[in-house]
Amino acid sequence: HAEKMRRICDRLGLPYVLKCSYDKANRTSASSYRGPGLKKGLAIINRAIGCDLGVIGLVEGEGARRIVIRGRAFRPLPAPGSDQSPFVKYLKIGGEELPPPERSFMGLVAFTCRARRSGDVRKEEFYMPTRRGIRSEVAVPILWRDELLGVINLESVEHDWFQEPC
């Protein structure tokens, strides 16, 4: 339904805001359907927004100063027939105090607990290249009761793909 709503809003020249819940507990029945889960939910968001890469990084461990990303997103696309084993990437949480090779867009968003958008990652001092051709990025912290749980990160090969909200 999200894809259809986006097309309708585009056709009418209206802003499109996506609000979603992909793993929701039912308070009246423990056996009720909870939703497709975060991984499938992120795939739905990718299709609806039209981004080229999307990951969820989670803060792991007490007092953790790193974000953990599991999946294949942060390595080049594999050649046909190559190993498809799971991949784990650790990103340090921090800002200017980190040496440039350890800085990342997601790490800065986790550090500041504020969403961040870049229309041209080539000019971004906190961009850590993930795939060739990526030009724009947006990242949003996942917070629960003032506690950082993780960061949702979306990237596009299109310059300025993620616009400021209306």
Side-chain angles (χ1 to χ4, degrees), residues 2 6 15-24 37-79 82-166:
R6 180 171 179 213
Y16 176 72
V17 178
L18 180 66
K19 180 182 182 287
C20 27
S21 176
Y22 295 105
D23 189 2
K24 193 170 189 173
L38 287 176
K39 189 174 181 179
K40 287 183 181 178
L42 187 58
I44 293 167
I45 291 171
N46 284 351
R47 284 193 310 272
I49 295 174
C51 66
D52 298 296
L53 175 65
V55 296
I56 297 175
L58 300 177
V59 176
E60 291 190 355
E62 288 296 316
R65 300 301 302 161
R66 68 183 187 181
I67 297 170
V68 181
I69 300 167
R70 288 183 171 78
R72 294 184 191 89
F74 273 83
R75 68 175 169 191
L77 293 174
S82 66
D83 178 28
Q84 294 286 322
S85 61
F87 175 75
V88 178
K89 175 76 175 174
Y90 300 97
L91 300 174
K92 288 194 176 181
I93 295 174
E96 297 284 339
E97 77 285 353
L98 293 176
E102 295 178 2
R103 294 177 183 175
S104 70
F105 206 81
M106 290 177 72
L108 181 63
V109 167
F111 181 68
T112 62
C113 289
R114 296 188 62 161
R116 186 174 176 92
R117 180 186 69 87
S118 177
D120 187 351
V121 295
R122 295 172 294 183
K123 298 176 183 175
E124 176 64 50
E125 68 178 303
F126 283 90
Y127 179 67
M128 180 181 285
T130 53
R131 289 193 180 165
R132 281 182 295 229
I134 295 295
R135 293 294 176 256
S136 57
E137 181 173 18
V138 64
V140 180
I142 304 168
L143 301 168
W144 184 72
R145 296 186 179 176
D146 295 329
E147 178 184 355
L148 176 69
L149 302 178
V151 176
I152 297 173
N153 188 76
L154 304 174
E155 299 181 9
S156 175
V157 296
E158 299 292 330
H159 182 268
D160 250 344
W161 184 252
F162 308 104
Q163 299 295 316
E164 289 287 334
C166 298

Which residues pass the salt bridge (charged side-chain N to carboxylate O under 4.0 Å, His left out) test with Arg114, not counting sequence neighbours? none

For Phe162 against Leu154, the heavy-atom pair lying closest together: CE1-O, 3.6 Å

Is the backbone of Glu158 close enough, under 3.5 Å, to the side chain of Ser136 for a donor and an acceptor to pair up by distance? yes

So do Ile56 and Ile152 actually touch side chain to side chain, heavy atoms under 4.5 Å? yes

To check you understand the geometry: which heavy-atom pair defines the closest contact between Ala115 and Pro141, and what is its length? N-CD, 3.6 Å

Please name all residues satisfying salt bridge (charged side-chain N to carboxylate O under 4.0 Å, His left out) with Glu97, sequence neighbours left out, ordered by chain then number. none

Verdict with supporting geometry, Tyr127 and Glu155, side-chain contact (heavy atoms from CB on, under 4.5 Å): CA-CA 11 Å; Tyr127 179 67; Glu155 299 181 9; 3.6 Å; yes

My understanding is that only residues two or more places apart in sequence, or in another chain, count here; which of them pass side chain to side chain contact (heavy atoms under 4.5 Å, CB included) with Val157? Asp52, Ile134

Under 4.5 Å between any side-chain heavy atoms of Val55 and Lys89, yes or no? no

Partner set under side chain to side chain donor-acceptor pair (under 3.5 Å) for Glu125, not counting sequence neighbours: Arg103

Should Arg117 and Val140 count as side-chain neighbours, where that means a heavy-atom distance under 4.5 Å? no

Heavy-atom closest contact (Leu91 atom, Met128 atom, distance): CD2-SD, 3.6 Å

Heavy atoms of Leu148 and Leu143 approach each other most closely as CA-CD2, 3.7 Å

Considering all heavy atoms, the nearest Ala139-Asn153 contact: CB-OD1, 3.4 Å

Glu102: salt bridge (charged side-chain N to carboxylate O under 4.0 Å, His left out) partners, not counting sequence neighbours: Lys92

Got a sec, which residues hit side chain to side chain contact (heavy atoms under 4.5 Å, CB included) with Ser118, two or more places apart in sequence or on another chain? Phe105, Val121, Glu124

